[in-house]
Amino acid sequence: MPDLPLPVLQTSRLTLRPMAAADTDAAYKMIAASRDSFARWFGWARASTRESVQEYTQQATEAMTVGNAWHYVVRTRQESLIARVGLTQI
């Protein structure tokens, strides 16, 4: 992660926190459950595998380490992963 800690934002219903390797399985399950909807907008969704999600998560956390991208997950109060959000320096 960058020298400064990345913020964790929390409300009564949701938590927005930096993506971590531990999010891989939940992210894959989220993508698989909504594959048809995601594939309409995101070409990568149709061919997504657990391994490709794991690779993406690793690349995302490495990019955060050097400070040129910020990748977050959104989780419900019950810890269900409902979204991934990323900002990348271009």
Side-chain angles (χ1 to χ4, degrees):
M1 300 288 164
D3 291 339
L4 298 174
L6 295 173
V8 173
L9 305 174
Q10 209 158 8
T11 70
S12 61
R13 297 180 326 146
L14 301 173
T15 300
L16 178 75
R17 65 162 175 74
M19 185 182 295
D23 296 314
T24 298
D25 287 333
Y28 175 70
K29 288 176 185 174
M30 178 187 68
I31 293 165
S34 299
R35 189 175 309 280
D36 290 338
S37 295
F38 285 162
R40 291 178 54 209
W41 304 103
F42 307 109
W44 52 261
R46 188 147 324 274
S48 184
T49 64
R50 190 204 176 280
E51 291 74 23
S52 67
V53 173
Q54 182 177 19
E55 183 178 329
Y56 172 84
T57 302
Q58 181 178 349
Q59 291 171 353
T61 55
E62 288 171 1
M64 288 190 300
T65 300
V66 298
N68 64 4
W70 297 266
H71 297 274
Y72 283 81
V73 293
V74 180
R75 288 189 172 266
T76 64
R77 187 176 191 150
Q78 295 77 25
E79 284 295 305
S80 296
L81 190 138
I82 59 169
R84 295 187 314 187
V85 180
L87 300 170
T88 304
Q89 186 175 8
I90 54 172

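For clarity, every value in this text was computed on a predicted model and none was experimentally measured. Both backbone and side-chain heavy atoms feed into the values below; hydrogens, waters and symmetry mates do not.
For Gln54 and Gln58, the side-chain atoms include no donor-acceptor pair closer than 3.5 Å.
Listed by first then second residue, pairs satisfying ring pair (Phe, Tyr, Trp, His ring centres under 6.0 Å) with a partner in residues 41-67 read Phe42-Trp44, Tyr56-His71, not counting sequence neighbours.
Summarising the geometry of Trp70 relative to Leu6, their closest heavy-atom pair is CD1-CD2, 3.5 Å, with the distance given to 0.1 Å. For the pair Ser52 and Ala47, the tightest heavy-atom approach, listed with the atom from each and the gap, is OG-O, 4.5 Å. Closest heavy-atom contact between Val8 and Pro18: CG2-CD, 4.0 Å. Of all the heavy atoms in Thr76 and Leu14, the pair that sits closest is CA-CD2, 4.0 Å. Of all heavy-atom pairs between Leu81 and Ala27, the closest is CD2-CA, 4.1 Å. Pairing each heavy atom of Ala60 with each of Met19, the nearest pair is CB-SD, 3.9 Å.
Judged purely by atom type and a 3.5 angstrom limit, Arg35 uses its side chain to pair as donor or acceptor with the backbone of Ser48.
Within the model, atoms CG of Asn68 and CD of Glu62 stand 11.0 Å from one another, a figure rounded to the nearest 0.5 Å. In this structure, Arg77 CZ and Gln10 CD are separated by 8.5 Å, a value rounded to the nearest 0.5 Å. Note that CD of Glu51 and OG1 of Thr24 are 10.5 Å apart. Values are rounded to the nearest 0.5 Å.
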Exercise. Step by step, would you call Arg50 with Val53 a side chain to side chain contact (heavy atoms under 4.5 Å, CB included)?
Worked result: CA-CA 5 Å; Arg50 190 204 176 280; Val53 173; 5.6 Å; no

Exercise. Stepwise, does the side chain to side chain contact (heavy atoms under 4.5 Å, CB included) test hold for Asp23 with Arg17?
Worked result: CA-CA 11 Å; Asp23 296 314; Arg17 65 162 175 74; 2.6 Å; yes

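Looking at heavy atoms from C-beta onward, Asp36 lies in side-chain contact with Arg46 at the 4.5 angstrom threshold.
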